[in-house]
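To start, the structure under review is shown below, and the notes come after it.
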Amino acid sequence: MSLYRDEGVVLRTHKLGEADRIITILTRRTGKVRAVAKGVRKTKSRFGARLEPFTHVDVQFHTGRSLDMVTQCETIRPYGEPLVSDYPRYTAGTAMLETADRLTLGEKEPALRQFLLLVGGLRTLVDGSHEPRLVLDAFFLRSLAVAGYAPALSECARCGAEAVRAFAIVAGGVVCGNCRPSGAAVPAAETIALMIALLRGDWEAADASEARNRVECSGLVAAYLQWHLEHGIRSLKHVERGAVALND
């Protein structure tokens with residue numbers, strides 16, 4: 001029997017048969033792992049509740065031919081418990097899980113930086129020290145940077161000029177007047193400054209930002225992320241719905 005142990009965050013689950021589940025976990029050392037958890041849908045399961053999305057777990061796997069199998073599981077921190085009672089933070093966390101899953105394409109390919117970003121993002125959401133959409137946008141920007149898609153924010157993405165005039169997703173970030181393509185957005189300078197603060201982890205500047213710049217920032221970041229993923233983040237519609245409800 002080939003066994004290995006790792007810690008990870010449960011990204012998603014889906015049913016298998018009458019009592020089992022396939023669990024997708026982003027682990028610290030191994031990367032993304034899909035494994036069968038036998039009998040976890042039974043009420044007397046030994047560790048069914050531990051293998052739910054958002055849970056940071058210590059897991060032992062048995063290597064299988066197509067899918068590995070979970071043989072042991074201990075909870076390190078159940079991030080889902082404090083998030084489910086706070087809709088804005090819960091939906092932001094759900095978008096984080098989906099994005100981490102989408103940006104780690106290959107299975108069992110080490111993704112330590114993405115794992116650390118996810119754990120840090122969930123911890124920050126639970127701690128409640130910053131507005132949840134700011135935390136989500138910071139996670140998006142840093143995840144894109146780890147994946148090699150960081151937007152240019154300080155100088156023109158095409159020619160390197162410092163006098164930027166617009167933000168063009170297809171160009172890779174901010175652009176100068178000469179390089180600006182048709183249809184490029186023209187965000188406020190404060191919005192670009194907010195994006196830079198979130199990417200750098202400058203929370204003092206991010207927390208001091210104004211609401212209109214946060215809204216503009218979120219729109220640009222979401223569009224940029226989804227353009228690179230080539231598909232929408234389904235959970236983002238719930239994030240936007242929650243933001244509208246809070247503003248009503």
Side-chain angles (χ1 to χ4, degrees), residues 8-16 21-27 31-35 37 40-41 51-57 67 78-107 109 111 113-115 117-126 130-151 167 169-170 185 195 198 214-248:
V9 174
V10 179
L11 301 178
R12 57 187 170 91
T13 71
H14 64 268
K15 296 178 182 179
L16 179 66
R21 278 199 178 103
I22 295 178
I23 315 295
T24 302
I25 305 178
L26 180 60
T27 67
K32 188 162 67 177
V33 175
R34 294 175 68 245
V40 293
R41 289 161 55 203
L51 290 171
E52 292 293 334
F54 294 110
T55 311
H56 186 184
V57 288
L67 291 173
Y79 291 108
E81 291 181 7
L83 290 179
V84 292
S85 60
D86 188 319
Y87 187 78
R89 297 188 189 280
Y90 174 77
T91 54
T94 301
M96 286 184 183
L97 297 186
E98 184 179 351
T99 301
D101 190 11
R102 296 280 298 279
L103 285 174
T104 50
L105 299 178
E107 293 185 26
E109 295 180 2
R113 293 177 67 191
Q114 184 62 61
F115 167 79
L117 278 174
L118 180 59
V119 172
L122 293 176
R123 184 187 300 119
T124 303
L125 278 180
V126 169
H130 307 289
E131 196 271 329
R133 190 57 197 261
L134 285 178
V135 178
L136 179 59
D137 288 338
F139 176 80
F140 284 162
L141 286 166
R142 295 180 196 178
S143 293
L144 284 163
V146 166
Y149 303 130
F167 187 94
I169 293 173
V170 295
M195 295 174 72
L198 292 174
R214 296 183 185 189
V215 171
E216 191 171 44
C217 170
S218 294
L220 291 175
V221 172
Y224 187 82
L225 171 70
Q226 294 180 105
W227 187 83
H228 278 285
L229 291 177
E230 298 181 355
H231 295 284
I233 297 294
R234 290 177 298 175
S235 48
L236 261 181
K237 64 183 179 182
H238 302 294
V239 175
E240 302 297 345
R241 189 178 303 160
V244 170
L246 288 174
N247 292 326
D248 286 344

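These numbers come from a predicted model, not from an experiment.
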Using 0.5 Å steps for rounding, measure from the [atom1] atom of [X] to the [atom2] atom of [Y].
X	Y	atom1	atom2	answer
R102	L229	CZ	CG	5.0 Å
H238	R234	NE2	CZ	9.0 Å
Y149	F140	OH	CZ	15.5 Å
L97	L122	CG	CG	6.0 Å
L136	I233	CG	CD1	9.5 Å

Determine whether [X] and [Y] make a side-chain contact, defined as any pair of heavy atoms from C-beta on separated by less than 4.5 Å.
X	Y	value
V239	R133	yes
V10	H56	no
E81	V126	no
V119	Y79	yes

Hey, mind stepping through E107 and V33 against side-chain contact (heavy atoms from CB on, under 4.5 Å) and telling me if it holds? CA-CA 6 Å; E107 293 185 26; V33 175; over 6 Å; no
Please verify the inter-ring angle class for Y224 with F167; under 30° counts as parallel, over 60° as perpendicular, anything in between as tilted.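 Ring orientation, 0 to 90° scale: perpendicular.
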Just do the side-chain contact (heavy atoms from CB on, under 4.5 Å) check on H130 and L125 with the steps written out, would you? CA-CA 7 Å; H130 307 289; L125 278 180; over 6 Å; no
Determine, step by step, whether T104 and E109 satisfy the side-chain contact (heavy atoms from CB on, under 4.5 Å) criterion, reporting the C-alpha distance in whole Å, the side-chain angles of both residues, the deciding distance to 0.1 Å, and the verdict. CA-CA 8 Å; T104 50; E109 295 180 2; over 6 Å; no
Residue pair E98 / S235, side-chain donor-acceptor N/O under 3.5 Å: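 There is such a pair (donor and acceptor under 3.5 Å, judged by atom type) between the side chains of E98 and S235.
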If I compare all heavy atoms of [X] with all of [Y], which pair ends up nearest, and what's the gap?
X	Y	answer
L26	A111	CD1-CB, 4.3 Å
P132	R89	CD-NH1, 3.7 Å
Q114	S143	NE2-OG, 3.2 Å
F115	G8	CE1-CA, 3.7 Å

Whether R142 side chain and L198 backbone form a donor-acceptor pair below 3.5 Å: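 Indeed, once roles are kept as given, a pair shorter than 3.5 Å links the two residues.
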Give a yes or no answer on whether the side chain of T55 reaches the backbone of L51 with a donor-acceptor pair at less than 3.5 Å.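 Flag not set: sc T55 to bb L51 has no pair under 3.5 Å.
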Distance flag, aromatic centroids of Y90 and F54, threshold under 6.0 Å: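 Ring-ring flag for F54/Y90: true, centres closer than 6.0 Å.
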Does the side-chain contact (heavy atoms from CB on, under 4.5 Å) test come out yes or no for L11 and I23, once each step is laid out? CA-CA 8 Å; L11 301 178; I23 315 295; over 6 Å; no
Suppose we screen for salt bridge (Lys or Arg N to Asp or Glu O under 4.0 Å). Which residues come up paired with E52, at least two apart in sequence or across chains?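 Applying salt bridge (Lys or Arg N to Asp or Glu O under 4.0 Å) to E52 gives R21.
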Please name all residues satisfying salt bridge (Lys or Arg N to Asp or Glu O under 4.0 Å) with D101, sequence neighbours left out, ordered by chain then number.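 Only R12, K32 meet the salt bridge (Lys or Arg N to Asp or Glu O under 4.0 Å) criterion with D101.
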